[in-house]
Amino acid sequence: MENKLIDEARQGDALVVTGTQKPGSRKMYIESYGCAMNFSDSEIVASVLTDKGFVTTSDYKEADLILINTCAIRDNAEQKVRNRLKEYNIEKRKKPSLMIGVMGCMAERLKEKFLEEEKIVDIVVGPDSYRSLPSLIETVEGGQKAVNVLLSRDETYADINPVRLGGNGISAFISITRGCDNMCSFCVVPFTRGRERSRDPESIVSEARLLFDQGYREVTLLGQNVDSYQWTGGGLKKDNPSPDVLAQATTFAQLLEKVALVNPLLRIRFSTSHPKDMNDEVLYTMARYENICDYIHLPVQSGNTRLLEMMNRGYTREWYMERINAIRRIIPHCGISTDIITGFCSETDEEHKDTISLMEWAQYDFSYMFAYSERPKTLAERKYKDDVPEETKKQRLYEVVALQQKLSGARTKLGLGKVHRVLVEGISKKSDEMLSGRNSQNTVVVFPKGEFKKGDYVNVLAERCTVATLIGSVV
Ligand code: SAH
Ligand code: SF4
Ligand code: F3S
C-alpha cells in the first residue's frame, strides 16, 4: 500500500485536463502519466491542437479524440496505460469515429508495435513529434493508422506557448532541456526521449515573464539533468566544441539568475539536479536570490559505490556526501529530497544497508522510492542479471519507506516555532476555512484564511504539524 502511494505520487498520477467549451468544435481529452516533463508536454500538445480548432474536455466519454501521454520508466507505469486503454475501448465500440492516440515515452519505446499490441490505438506519437499531430489526425480521418516516433536533435518547442492545463494558476512548469545523454544503466529515458538538448534562454525568460504577467508566482524549470543545461546557440552540445563558443555559453547557474531577475515575486524551483554535475556556482546563485527556493532534488539511487558504478551514475558515495555537505554549507536551511532504487542487480543486504545509512546521514526531507524494474534495451538489461528476488526488492523498499517516514516527520518538526514565508496556492484540502501553500523548502503550510487569497505571500508562524504539513497562523 505504502509502496503504491509513493510510486503513484510521482510517476503514476493521472492528470486530467479541465474543460473549456465552444459549441461545434471537436473535443480532445488528454490524460497524462509519468514525470513533470510529460505533464508539461501535454500542455504543448494542447496548444498545437487548440490552434487546429480542438477544445479540451474533462470527460473522455464526450471526446472526439482521446490522447494518453504515457510513461515507460517501470513496468507498472506501462501496465496502468494498458488498463486505461481497455476502458477507452468500451467508448470506441459505442462511437467508432472516436480517435485514440498514444503519446510520450511508451509510444516511443514500442513504436509501430503499439498498433499490433493494442488494436484500438489509431495514433502513436513520440515526444519530439508533437508538431505533426494535426497531420497524423488527418491521416486517421482518411482511414489509416498514423505513426511518428522520430526523435530530434534540436526540437525544444521553444516557440510554442503552452496551454496551461489543470493547474492552480499560481505554479507552472517550464521545460529547459529535453532528452538525456547520461545512460544510467537502469534507465529507459535516453531511449524514449533521445539526445539531450537545451532550449534558448531568451524563450525561457519570456515564458516566465508572460506567466508572471498572467498572475503566476512560481515556475519550475524542468530537465532530466538541469545542471547540464548549456545554450551555445542551438543544437547538441557536442556539435559546438570550440572554446570560443563555450566561453559564451549560458550555463544553468546563469539561466537561474536570468529567470530570478524576471521579478522578485516570482519563485523559481527546478528539477532534476544530478549529483555528478551539480556545482557550487548553482548553489551560490541560489543563495544570492531569495526568490530561488531553498530546495534541491538530488537523486542518489543507492548509497553503495559498487552499485552506483554498475548503475553508471558517475559518482561515488563519498562524492555524493560531499555534494550534500556543500548544499548544507552554502544554503544552511535547504530542503533536500532524493530518489532511491531498491534491489538493483546483485545488490546484497550489506549494500542495501549502505543506502539506509546514507539516508540517515543525509536526513532527507522527502524521498521517491522504487523497487528496481528491468527495462528492455537498457544497459542493465543487456549486461546484468535481474537477480534480486521480487520479495527482497519489496522488503527493502518497505524498509526505506518506513525510514523516510521517520525522517520526514523529524524534518517537518524542525519547522515548528519558526516563521515561514508561504506562497498561497489555494484552499486547503482538509478545510474551506484554511489556505494552503508551501514554504521555500517545499513543505506544505496550512493556516486560517483571513483576507488572503491565492498568489499572496504570507508569513506564517508554525504551531503544530503532521508528518508532512506545518499548521500555524499569520504573523
Ligand atoms: N533524470 C532523473 C530521473 C528520471 S526517472 C535523474 O537522473 O534523477 C525518475 C526516477 O525513477 C529515477 O531517479 C529512479 O529512481 C527511478 N527509476 C528509473 N528507472 C527505474 C527502473 N528501471 N526501476 C526502478 N526505478 C527506476
Ligand atoms: Fe535516466 Fe540517468 Fe538520464 Fe536520469 S540522468 S533520465 S536516471 S539516464
Ligand atoms: Fe516516464 Fe518518460 Fe518521464 S519514461 S518518467 S514520462 S521521461
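For ligands, and for the atoms within them, numbers begin at 1 and follow the listed sequence.
Every atom of ligand 3 with a heavy atom of Cys71 under 4.0 Å away is listed here by number and element: 1 (Fe), 4 (S), 5 (S), 6 (S). Every atom of ligand 3 is numbered from 1 in the order shown, and the set under 4.0 Å from a heavy atom of Gln224 is 7 (S). For ligand 3, the atoms sitting less than 4.0 Å from at least one non-hydrogen atom of Asn38 are 6 (S), numbered in the order shown with element in parentheses. Close approach of ligand 2 to Pro190 is summarised as follows: ligand atoms under 4.0 Å from at least one heavy atom of the residue are 8 (S). Interface of His274 with ligand 2, defined as ligand atoms under 4.0 Å from a residue heavy atom, comprises 5 (S). Numbered from 1 in the order shown, with element, the atoms of ligand 1 that lie under 4.0 Å from a heavy atom of Arg375 read 22 (N). Contact atoms of ligand 3 toward Cys35: 3 (Fe), 5 (S), 6 (S), 7 (S) (distance under 4.0 Å to a heavy atom of the residue).
Inclusion of Asp339 in the set of residues having an N or O under 3.5 Å from an N or O of ligand 1 is warranted. Among the atoms of Cys187, none of the N or O lies under 3.5 angstrom from an N or O of ligand 1. Not one N or O of Ser273 is nearer than 3.5 Å to an N or O of ligand 1, by distance alone.
Taking only non-hydrogen atoms, the option from Lys276, Arg74, Lys393, Arg313 nearest to atom 16 (C) of ligand 1 is Arg74. Nearest to atom 2 (Fe) of ligand 3 by heavy atom, out of Gly104, Cys105, Gly34, is Cys105. Of the candidates Pro275, Cys184, Pro299, Gly223, Cys184 brings a heavy atom nearest to atom 8 (S) of ligand 2.
The residues Lys276 and Asp227 are annotated as not salt-bridged, no charged nitrogen and carboxylate oxygen being separated by less than 4.0 angstrom. Glu112 has no carboxylate O lying under 4.0 Å from a charged side-chain N of Lys145, or vice versa, which leaves the two without a salt bridge. Salt-bridge check for Arg197 with Asp128: passed, with a basic side-chain N closer than 4.0 Å to an acidic carboxylate O. Electrostatic pairing of Lys393 and Glu390 counts as a salt bridge here, judged by a charged N lying under 4.0 Å from a carboxylate O.
Side-chain contact between Arg195 and Asp181 is present, with at least one heavy-atom pair separated by less than 4.5 Å. The shortest distance between side-chain heavy atoms of Glu108 and Pro127 falls below 4.5 Å.
Glu218 and Ser171 share a donor-acceptor pair across their side chains, judged by distance under 3.5 Å alone. Using modelled atom types and a 3.5 Å distance limit, the side chains of Glu31 and Tyr60 yield no donor-acceptor pair. Side chain to side chain, Arg199 and Ser203 meet the donor-acceptor criterion of an N or O pair below 3.5 Å.
In terms of modelled atom types and a separation under 3.5 Å, the side chain of Asp354 and the main chain of Gly303 share no donor-acceptor contact.
Under 4.0 Å from ligand 3, not a single heavy atom of Met37 appears. At a heavy-atom cutoff of 4.0 Å, ligand 1 is contacted by the side chain of Phe370 but not by its backbone. If you look at Gln224 next to ligand 1, the close heavy atoms, those under 4.0 Å, come from the backbone and the side chain alike. Looking at Ala371 against ligand 1, only its backbone comes within 4.0 Å, counting heavy atoms. Counting heavy atoms under 4.0 Å from ligand 3, residue Arg193 touches it through the side chain alone. Counting heavy atoms under 4.0 Å from ligand 1, residue Thr272 touches it through the side chain alone. Neither the backbone nor the side chain of Met311 has any atom closer than 4.0 Å to an atom of ligand 1 (non-hydrogen atoms only). Residue-level proximity to ligand 2 for Met183 is carried by the backbone, the only part with a heavy atom below 4.0 angstrom. Only the side chain of Gln301 comes within contact range of ligand 1, with a heavy atom under 4.0 Å; no backbone atom does. Under 4.0 Å from ligand 2, not a single heavy atom of Asn225 appears.
By the neighbour-count criterion of 12 heavy atoms within 6.0 Å, atom NZ of Lys383 is sparsely surrounded, having that number or fewer from other residues, nucleotides or ligands. Within 6.0 Å of the CD atom in Glu391, the count of heavy atoms belonging to other residues, nucleotides or ligands does not exceed 12.
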**Request:** Given side-chain hydrogen bond (donor to acceptor under 3.5 Å, both in side chains), test Arg317 with Thr355 step by step and report yes or no.
**Result:** CA-CA 9 Å; Arg317 176 185 172 99; Thr355 299; over 6 Å; no

**Message:** Run Arg313 and His274 through side chain to side chain contact (heavy atoms under 4.5 Å, CB included) and show every step you take.
**Reply:** CA-CA 9 Å; Arg313 287 290 287 179; His274 196 301; 3.6 Å; yes

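If you look at Tyr368 and His297, their ring centroids are closer than 6.0 Å. Taking the ring centroids of Phe252 and Phe270, they lie under the 6.0 Å cut-off. Aromatic rings of Tyr372 and Phe186 (six-membered ring for Trp) have centroids beyond the 6.0 Å cut-off, not under it.
Among protein heavy atoms, the minimum distance from atom 1 (Fe) of ligand 2 is reached at Cys187 SG, 2.3 Å. With respect to atom 5 (S) of ligand 2, the closest heavy atom belonging to the protein is Asn182 ND2, 3.4 Å. Of the protein's heavy atoms, Gln224 OE1, 3.5 Å lies nearest to atom 6 (S) of ligand 2. Annotation: atom 3 (Fe) of ligand 2 to nearest protein heavy atom, Cys180 SG, 2.3 Å.
At least one heavy atom of Arg313 sits under 4.0 Å from some atom of ligand 2. Proximity of Met106 to ligand 3 is not established, as no heavy-atom distance is less than 4.0 Å. The closest approach between any non-hydrogen atom of Val189 and ligand 1 is not below 4.0 Å.
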